[in-house]
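Below: the structure, in C-alpha cells.
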Amino acid sequence: MPLVCVCSPKGGVGKTTVSANLAYALARSGSKVLVIDFDVQNALRLHFGVPISDTRGYVEQATTVMDWSQFILKADANVFVLPYGEAEEEQRLAFENAISHDPHFLQRGLSTVLNYPGLVVIADFPPGPVPALKAVQSFADLHIVMMLADTASLSLLPQIENHKFLGAPLNQRLGEYYVVNQSDMRRNLSRDVSHFFEQRLGDKLLGMIHRDECVPEANASQRSIIEFRPVSAAAFDIELISKKVAAIVGVKVGDGEMYAMPNPGI
Ligand SMILES: Nc1ncnc2c1ncn2[C@@H]1O[C@H](COP(=O)(O)OP(=O)(O)OP(=O)(O)O)[C@@H](O)[C@H]1O
Ligand SMILES: [Mg+2]
C-alpha cells in the first residue's frame, strides 16, 4: 500500500509514461515501488528495461495461481514491475471474466503486494471504463486521471466530474486527481485549454507536463525521463507531481526504508 491508479477515458494520453516515470521518481525519493500493468498492450514493462522478447506476466496464470507476486520482475534497485505478459486469447478472456464476476479476484491476487509494508503500488490501466478499473474502485487509495491539453480531453471532463465514467465516484478513499499532459504554452489552443483545466480543477490538478521531445526519446531508450534528461521540462514536471502524490498518499520523501520484496521473480 498505497495503491495509485493511473487511468483516463482517452487513449494515448500518457498513462503508461506517467505510471513508469512516477514510479522512478518515487523510488528516487526512497520509496520501494511496484508498477502493475492492466493493459493487454503489455507496454509498461518496456519502460523498465525488460526486453521485448520477454513475454512473462501474471495474466496467463492469474486464474490458477492465487498470489501473483511470484510474477514480479525486478527493474531497478527500488523498482519492481508486474507485467501483463503475452497471454493467449483464452487466458485473457478468463482473466477478464474473473474480474467481472468475482468482486474479490483482483484484491486476492494482489493481496501480498497490497499488504506489503511501505510498498507504493502504481497501476496502469487501458483507456476507458474497463472492468479492472471498476474492480479496484473499492480499495484503490488514489486515482490519477490523465488528460491532454486539447479540446477532446476537455470534452470528457464532465464525464469524470459527474461520475458518468464508471457510474460512481472513481475513488472512495483519497479521491481523484488530474494530470494534464503535453501542455505547450507556445500554441494558443493548448495554452487556453491548460488555463481552463487550471481554473476548473484547482487543487485537484496535480500538475501539467510539458510536451517535450525527450519523453518519447527516454521511452525509446527504456529509461526514465529524469535519468535520460534530468534538466528537461518534463523531468521537472514529473518530479513535482511525484512530490504531490507522495504528500497525498502519505509517503515519506527522502528517507525511505529499504525492504526486500518476497519472490522478486528474477
Ligand atoms: N509530455 C510528453 N511529451 C511528448 N510526448 C509524450 C509526452 N507524454 C507522452 N508522450 C508520448 O505519447 C505517446 C503515448 O504515451 P503513452 O503510451 O504513455 O500513453 P497511454 O495513455 O498509456 O496510451 P494507451 O492509451 O495506448 O495505453 C508515446 O509515444 C509517448 O512517448
Ligand atoms: Mg498505456
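Just follow the structure's listing: the first ligand is 1, and inside any ligand the first atom is 1. Source: prediction; values computed, not measured. These values consider heavy atoms only, across backbone and side chains, with no hydrogens, waters or symmetry-generated copies.
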Practice item. Take every heavy atom of P127, measure it against each atom of ligand 1, and state whether any distance is under 4.0 Å. Key: yes
Review point. Evaluating non-hydrogen atoms only, which member of A218, P216, A20 is closest to atom 5 (N) of ligand 1?
Key: P216
Review point. Is atom 23 (O) of ligand 1 less than 4.0 angstrom from some protein heavy atom?
Key: yes
Exercise for review: Evaluate the 4.0 Å heavy atom contact test for atom 13 (C) of ligand 1: does a protein atom fall under the cut-off?
Suggested key: no
Practice item. Tell me which one of E217, Q41, K15 gets a heavy atom nearest to atom 26 (O) of ligand 1. Key: Q41
Exercise for review: Considering the heavy atoms of R211, write down every atom of ligand 1 situated less than 4.0 Å from one of them.
Suggested key: 3 (N)
Practice item. Counting heavy atoms only, name the option from N181, D237, D184, T17 that's nearest to atom 8 (N) of ligand 1. Key: N181
Point to revise | V13: numbered ligand 1 atoms lying under 4.0 Å from its heavy atoms | key: 19 (O), 20 (P), 21 (O)
Point to revise | Best match, L44, I238, V40, N219: closest heavy atom to atom 30 (C) of ligand 1 | key: N219
Practice item. Could you check atom 6 (C) of ligand 1 against the protein and tell me its nearest heavy-atom contact, residue, atom and distance included? Key: Q182 NE2, 3.3 Å
**Study point:** For G12, the ligand 1 atoms whose distance to one of its heavy atoms is below 4.0 Å
**Key:** 14 (C), 19 (O), 20 (P), 21 (O), 23 (O), 24 (P), 25 (O), 26 (O)
Check your understanding: Which of the atoms in ligand 1, numbered in the order shown and given with their element, are less than 4.0 Å from a heavy-atom of D39?
Key -> 27 (O)
**Study point:** Atoms in ligand 1 with a heavy atom of I209 nearer than 4.0 Å
**Key:** 1 (N)
Check your understanding: To which protein heavy atom is atom 3 (N) of ligand 1 closest, and what is the distance rounded to 0.1 Å?
Key -> D212 N, 3.0 Å
Check your understanding: Relative to the heavy atoms of G11, which atoms of ligand 1 are at a distance of less than 4.0 Å?
Key -> 25 (O)
**Study point:** Structural part of D124 in contact with ligand 1, heavy atom criterion under 4.0 angstrom
**Key:** neither
Check your understanding: Non-hydrogen atoms of E213 versus ligand 1: any pair closer than 4.0 Å?
Key -> no
